[in-house]
Amino acid sequence: MTQGRPGGGTWAPLWERDEEIGAAERAVSGLCSDMTTEGGLLVFSGDAGIGKTALMAEVRRIAHGRATVWAARGGETLKSVPFNVVRQLLQPALVALSPDEVREYLGDWYEIAGPALGIAEPGGGRPEPQAVCDGLVAVVSRLSRLYWPLVLLVDDAHWADQETLRWLAAFAERLDDLPVLVVVAHRPGEANGDSARHLARIGAAARPATQLRALTPDAAAGLTRATLGEHADAPFCREVWAVTGGNPYESVELLAKVQDAELEPVESSAAELRALNRSARGRGLVARLEELGTDVTRFAWAAAILGSAISVDLAASLAGLPRDGAEQCAERLRAARIVTGGEEGLEFVHPLIASAVYESIPPATRTAMHGRAAWAVTRSGRGAAAASRHLLEVIPDDDPELVEQLREAATEHLAVGAPDAARSCLERALREPPRPAVHARVLYELGCATLLTSPVTTIGHLREALSMRGLSQDLRVDAVCRLSQALVHNDQLGEGLRAITEEAARLPAGTDRLRLQAVHFMWEGIHAGEEDSPGRSRRLAALAGPLSGRDNAERALLILRAFDAMTRGENAEEVVELCDRALVNGRLAPGLGWTDAEWSFELRLMLGGSYAFADRLDRAESLFTEAVKAYETAGWSGGHLALAHAFLGYVYRRRGRLRDAEKSLRESLRLADRVGQGGLPMHWEAASMLIDTLLARGHAEQASSVADRYGFAPPNASTIYVPDAMSVRGRLLLALGRREEGLNELEATAKALTARGQYNTVLAPWAYDLARALADEDPRRAADVVTDARVQAERFGTDTAIGEALRCEAALASGPRSVALYAKAVTYLEASPCAYEHAVARVEYGIASGDVEELERGLALARSCGADGLAARAERFLAGV
């Protein structure tokens, strides 16, 4: 006779898992030893049934009574449900807190992470996925202090939703600073796309990542005798191993069948093992389920449709059974070791069983049950987003109501920061398909849903939407503006301009056409390859000249005119006056705020940049500080926030706060790297600013490293940069001692900018670097270059521009004339808001005049700015005096 098993059908001894259990023991002990101990990450991977879930249960047992344990698992039919797994992990703890406590612990992240966790209503905006991910990392970081020591278990991570995996990958890389142990189990090769990349990041951070192996013959024999009795003979044990391939789950289930059949564990019974094993999985499991009766089968199907935390009432509704009949079915499934009961509802004993049952449902029946499940979820008041995973499985059938449900679900997904889920809903709506009157609108919504995360996807959908009937004029204009923005962000500026031109030609004079004209001027204004820049400037000046700024289209044109005038080096006071006219009571007008979608955020960057280079750094700093705060509050932590940090950092650079500038610019590049690895316009923008800042600090090798990392070299991108990228690159080459390359770059810069009519010597200071480089071999040309630059500087009229021109002129002169020019330069730069340029002028003036007091003043300024190279230069001269 066979012997009984401890714990019944779910008992699974952890044979040959001593190493993994030991790692778990050490990790838990280390976690519990001290709150300051760094966290840990264990990853267990292996094929289905290899024992991952049993190992996770053992980790829970080890941690029981010593640590707080939160657990969750992915589900094959739940992968499309955003934040499903992270909600399983965190919701129980958060629900146990009072609303005030939740707000306290989530802090500034409540409005961003709360909706994703299902504990707060979404706000009116659309948070970026990365911001929501950052919010979830912050939430768990804060909760880890409250619930220390904390162990997080995530089983079947290959079936976790993409949003959870994004968070888990980011959180795993923070564990060195947090007292949390994370344990992840997954099947290798089951995930794909972004989910696979997130799992790879998690695996790379693990200590250790373990690939679980099948049982050896000896272990299979030990398991067999522990289950059936020591009298199980060697041939029988060997056949158990051969039939199951050493798979622990299949071995346990096979031995359960041996017990049920009261089969003697001896060699003469071994031939029956294969038939018993087939009944434990696949078609054999399905046949066994069918033997339990039609009602039980339909109840099991309903449970498989629902996936996890299965409500008996809801399963009964899907199966068409009364409540008492459903309870009986559930009990029979428990007895057959197909489902198990839990506080949160029913669960399948093993994912292999759930998959086999789900796949056994006839396709037409499965679709119909998903449809009924969607109806039941919607009726329960949980909303279209909760029902969307079922709606996605319904066969397309030209159903306008289904299209509306999916559009509503997409809106709800976007509101919690899950654009990929929204995209799935809208793509499914297109397959229905929508009625002609709605089709273009769905494409437009799909394009808007992907604008912040996938410019390429946005381009395709918006182009298709614009090719169809169904968009109102205002939506067409908005779609064209968004399309042009996506094209520019994808470095296809020329195509963006063509899209604007073609649409504007269709419209009569009015606000919509004026908006398109403004957007066209905006993209032209940053187009490095523009052929008729002077002509565009004349047209823009004529259009903007009489405008008073009565609406946002007029305000946009005033900003564009100010930016153009600034780049061309026109009078700075007029630039500032244009900027001021574009504001309302000194602030951005409603509809032109940093997070307003109607106008591209580049417009606000142009406004702040115009102020910055016109020596109104206080106004520029106020604007960009407001931008950072607005994007962080709204949960936008992608390209918008990256550029806000970049421009704020460059304002710090202009102010002479070089350390702050470097910090902000490196943060900008870190954020930009999360959007895409190099090559995007935002990378070059921030890299140009950071290289300029590092050169000012005297850190040429660091600047070179940044240039190499971000490909800051020809061919040039199609947009212009602030400061001018070619000017910065020429200065970098000279600083690295690559004189010939630097000269070539500066000569090319002079030619390109002169052709475009861009003469702002602060925005593009190529003339000064070129003149200094030419001073020895061609002093006459050097003097001509500086003379021309001084004319342009005086035309622009700021203290900074004039002071820098005088400083360069002084560097090329000698004797008393040089000292006199330096004195004038110091006077102008002392009056300017640019402390670094003032410091350089003081040091050079002190050296030229031999005035130790001036040199010491310059040294003090250099040190306060963080200009290490300039300070070292002053110190060397003072040491020799």
Side-chain angles (χ1 to χ4, degrees), residues 572 576 611-621 648-662 664-665 689 692-699 723 727-728 731 735 760-765 767-769 771-772 786 789-790 792-794 796-813 818-878:
V576 173
Y611 274 131
F613 286 99
D615 272 7
R616 299 302 196 273
L617 290 173
D618 53 342
R619 301 185 195 182
E621 183 174 350
L648 179 59
Y650 200 65
V651 170
Y652 293 155
R653 152 70 183 92
R654 300 303 314 161
R655 279 192 176 280
R657 293 165 53 185
L658 302 183
R659 299 182 190 88
D660 292 337
E662 181 180 347
S664 191
L665 289 162
M689 294 174 174
D692 182 60
T693 300
L694 290 170
L695 290 174
R697 296 205 66 192
H699 301 165
S727 298
V728 171
R731 180 183 298 173
N760 188 317
T761 57
V762 182
L763 175 69
Y768 305 136
D769 293 310
R772 289 187 180 92
V786 172
R790 181 172 174 179
Q792 297 301 335
E794 289 175 344
F796 190 51
T798 65
D799 290 323
T800 302
I802 296 171
E804 281 291 272
L806 288 166
R807 184 171 69 83
C808 185
E809 199 171 359
L812 300 185
S818 173
V819 173
L821 287 169
Y822 270 127
K824 287 184 178 180
V826 166
T827 300
Y828 275 101
L829 290 170
E830 187 174 25
S832 92
C834 299
Y836 166 70
E837 282 72 18
H838 179 206
V840 176
R842 284 281 178 196
V843 169
E844 291 181 351
Y845 178 36
I847 292 173
S849 63
D851 188 327
V852 172
E853 184 177 345
E854 284 292 340
L855 195 55
E856 288 177 341
R857 288 183 65 187
L859 174 59
L861 277 171
R863 287 171 174 168
S864 67
C865 289
D868 300 333
L870 179 63
R873 180 184 174 193
E875 288 166 352
R876 286 194 301 271
F877 192 85
L878 284 170

Non-neighbouring partners of Arg655 that pass side chain to side chain donor-acceptor pair (under 3.5 Å), sequence neighbours left out: Glu621
Euclidean distance, Asp799 CG relative to His838 NE2, rounded to 0.5 Å: 11.5 Å
Between CD1 on residue Ile802 and CD on residue Gln792, distance to nearest 0.5 Å: 12.5 Å
Minimal non-hydrogen separation, Val786 against Leu812, with atom names: CG2-CD1, 3.4 Å
Residue pair Ser832 / Asp615, side-chain donor-acceptor N/O under 3.5 Å: no
Test item: Arg842 side-chain N/O and Val826 main-chain N/O as donor-acceptor pair under 3.5 Å: no
Glu794/Arg790 salt bridge by N-O under 4.0 Å criterion: yes
Residue pair Arg772 / Cys808, side-chain heavy-atom distance below 4.5 Å: yes
Interatomic distance, Lys824 atom NZ to Tyr828 atom OH [nearest 0.5 angstrom]: 8.0 Å
Nearest atoms (heavy-atom pairs only) where Ala841 meets Tyr822: O-CD2, 4.5 Å
Residue pair Val843 / Leu855: nearest heavy atoms and the distance that separates them: O-CD1, 3.4 Å
Gap separating the CD atom of Glu837 from the OG1 atom of Thr800, nearest 0.5 angstrom: 6.5 Å
Nearest atoms (heavy-atom pairs only) where Leu861 meets Ser864: O-OG, 2.8 Å
Minimal non-hydrogen separation, Ala661 against Arg653, with atom names: CB-N, 3.5 Å
N/O donor-acceptor pair under 3.5 Å between Ser664 side chain and Asp660 backbone: no
Validation row: Ile847, Glu844 side chains within 4.5 angstrom (heavy atoms): no
Minimum heavy-atom distance Tyr650-Leu665, with the two atoms named: N-CD2, 4.4 Å
Any Thr761 side-chain heavy atom under 4.5 Å of Phe796 side chain: no
Rounded distance [0.5 Å steps], CZ in Arg731 versus OH in Tyr768: 11.0 Å
Steps toward side-chain contact (heavy atoms from CB on, under 4.5 Å) verdict (Glu875, Leu878): CA-CA 5 Å; Glu875 288 166 352; Leu878 284 170; 5.6 Å; no
4.5 Å side-chain heavy-atom contact, Val840 and Glu804: no
salt_bridge(Arg659, Glu662) N-O dist < 4.0 Å: no
Gap between atom CZ of Arg657 and atom OH of Tyr652 - 0.5 Å precision: 5.0 Å
